[in-house]
Protein chains: 2
Amino acid sequence: MTPHTEPRSRRERPAKPALSRAGILAAAMEIMRAEGLPKVTMRRLAQELDTGPASLYVYVANTAELHAAILDELLGTLAAPAEGGWHERLEALLTEYTTVLFAHPALARSALVARPSGPHYLGLIETLLTLLAQGGVPDRQAAWGVDVLLQYATATAAEHATRGETADTRDEWDALTRALHGAEERTHPRTAALAAELLSGTPQQRLSWGLRVQIAGVLHTPAPQSTEGATS
Amino acid sequence: MTPHTEPRSRRERPAKPALSRAGILAAAMEIMRAEGLPKVTMRRLAQELDTGPASLYVYVANTAELHAAILDELLGTLAAPAEGGWHERLEALLTEYTTVLFAHPALARSALVARPSGPHYLGLIETLLTLLAQGGVPDRQAAWGVDVLLQYATATAAEHATRGETADTRDEWDALTRALHGAEERTHPRTAALAAELLSGTPQQRLSWGLRVQIAGVLHTPAPQSTEGATS
DNA sequence: ACCTGAACACCGTTCAAGT
DNA sequence: ACCTGAACACCGTTCAAGT
């Protein structure tokens, strides 16, 4: 009848392993795969690792940095396709990148603000630069182009994948649909005429077209010449 | 010495006005202008209106919808420039749109997920469609193009404006800078060669170039023909 | 140096109950 | 129909204190 007095430190985990950045990241990936990024919080992660949230801050600067690291990890699964010309391969690689992010919309949203800087992200940049060079795109144009291409893919994933995920964003989208179809002929003639077109196409068609728009644009738009000094 | 027993309902506000969607929105705009969007929370807003957060849900579906309404309100300040050709005016309008969002980065982030559907947003779409029609862009191409143009502007604001806003995102960006400059010649030859170019240009130069990329891309990329049925 | 408990300062949303 | 108090179920981050 005497109450248990043994420490409750270990729950089922056999021997609480020492904390490490790699261990934290691994636990984060596991939670994300099982329950999605929104559940990957400092508190939840700490709970999973059988410690307090404060302990994580020794290895991870903050939530944004953690998310960036997760994305970099995820990009390790990208395989650059080896078939076809540079244009085809460019489109395929970016489609693959977008597809990965489609599965993790919340991550795409994070990535827009806090870019990863890990090995897989650098590898992606290198591949994109190489493909653009094969396409004969001048250096600065290619360098700036990488940004545009990745931004389009990331933003599309961020924006699109939420559609229908929660009831909230569903409502939001319905509201826009109704607004477009309700546009008055007299005040908004173009919108009224093109309401159906504005909403047409499958996500895949839109993505494919959008990527070709980016590639064509990068190809056809020379960068300004004399730019010295870093951004901002 | 007897304690006050009068109700503490009104603080300094003279006569608590009845709640309304317009009133809520007005209060939201005020808080945002004074303290930024992150402070525009349901709780803070309720406090400002001298009520509890639950009361707001009669007029506002959720936070996302509130943010979309705020953005639409903000777009009311946009003035479509009347000078120049369609291309110039298109670029100027989109620059203006981006500039407005630059001042409210958190709003840009919201806008990527929950698009506004108010009168000012519809007006913007109408103007964009009109300008593209003047440029001779075919209907579906123009309709899809509007999406691409607004997405680029919104994503750029979302991404860029946070740079340096908080210490966190500063760190994040420094990490990428260091990673790019540290790219190894042997494994990442293109990245190593173009590290400076990847980070070159002012935000304004990047935006201007990016917008021209979008316009050129939309102009040069035909939309697929047979698309029946709505998105998703 | 690494780890922790506890606290600080918040969130969005729901629900039963009132008017 | 509109409004509310109170609760539910959480957050990120910091800091003093321990080992």
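Treat the numbers as computed from the prediction; the structure is a model and nothing was measured. Residue numbers start from 1 in every chain, and the chains themselves are labelled A, B, ... in the order their sequence lines are given, proteins ahead of strands.
Candidate nucleotides D/dC3, C/dT4, C/dG12 were compared by shortest atom distance to the side chain of B/Arg43, and C/dG12 ranks first. Of the candidates D/dT13, C/dG12, C/dC3, C/dG12 carries the atom nearest the B/Thr63 side chain, counting heavy atoms from C-beta on. The side chain of B/Val58 approaches D/dC3 more closely than any other nucleotide in the set C/dC2, D/dC3, C/dT13.
Atom CG in B/Asp50 sits about 17 Å away from atom C1' in D/dC2, given to the nearest Å. The distance between atom CG of B/Leu66 and atom P of C/dG12, rounded to the nearest whole Å, is 10 Å. Distance, B/Arg44 CZ to D/dC11 P: 24 Å, rounded to whole Å. Computed from coordinates, the A/Met42 CE to D/dT13 P distance equals 6 Å when rounded to whole Å. Protein atom OH of A/Tyr57 is 17 Å distant from nucleotide atom P of D/dA16, rounded to whole Å. Distance B/Lys39 NZ to C/dG12 C1': 17 Å, rounded to the nearest Å. Atom CD of B/Glu35 and atom P of C/dA9 are 16 Å apart (whole Å).
We find that B/Glu65 and B/Arg21 are joined by a salt bridge, their nearest charged nitrogen and carboxylate oxygen being less than 4.0 Å apart.
Each of A/Leu56 and B/Pro53 lies near DNA chain C, and the nucleotide nearest A/Leu56 is the one positioned closer to the 5' end.
With C1' as the reference atom, C/dC8 and D/dC11 are 12 Å apart, rounded to whole Å. Taking atom C1' in both C/dC3 and D/dC15, the straight-line distance is 13 Å, to the nearest Å. Spacing between D/dA17 and C/dA1 at atom C1', rounded to whole Å, works out to 15 Å.
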Item to complete: Run the numbers on A/Thr77 and A/Val100 for side chain to side chain contact (heavy atoms under 4.5 Å, CB included), then give the verdict.
Response: CA-CA 9 Å; A/Thr77 65; A/Val100 167; 4.2 Å; yes
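For D/dC3, neither phosphate oxygen OP1 nor OP2 lies less than 4.0 angstrom from any side-chain nitrogen or oxygen of B/Thr51.
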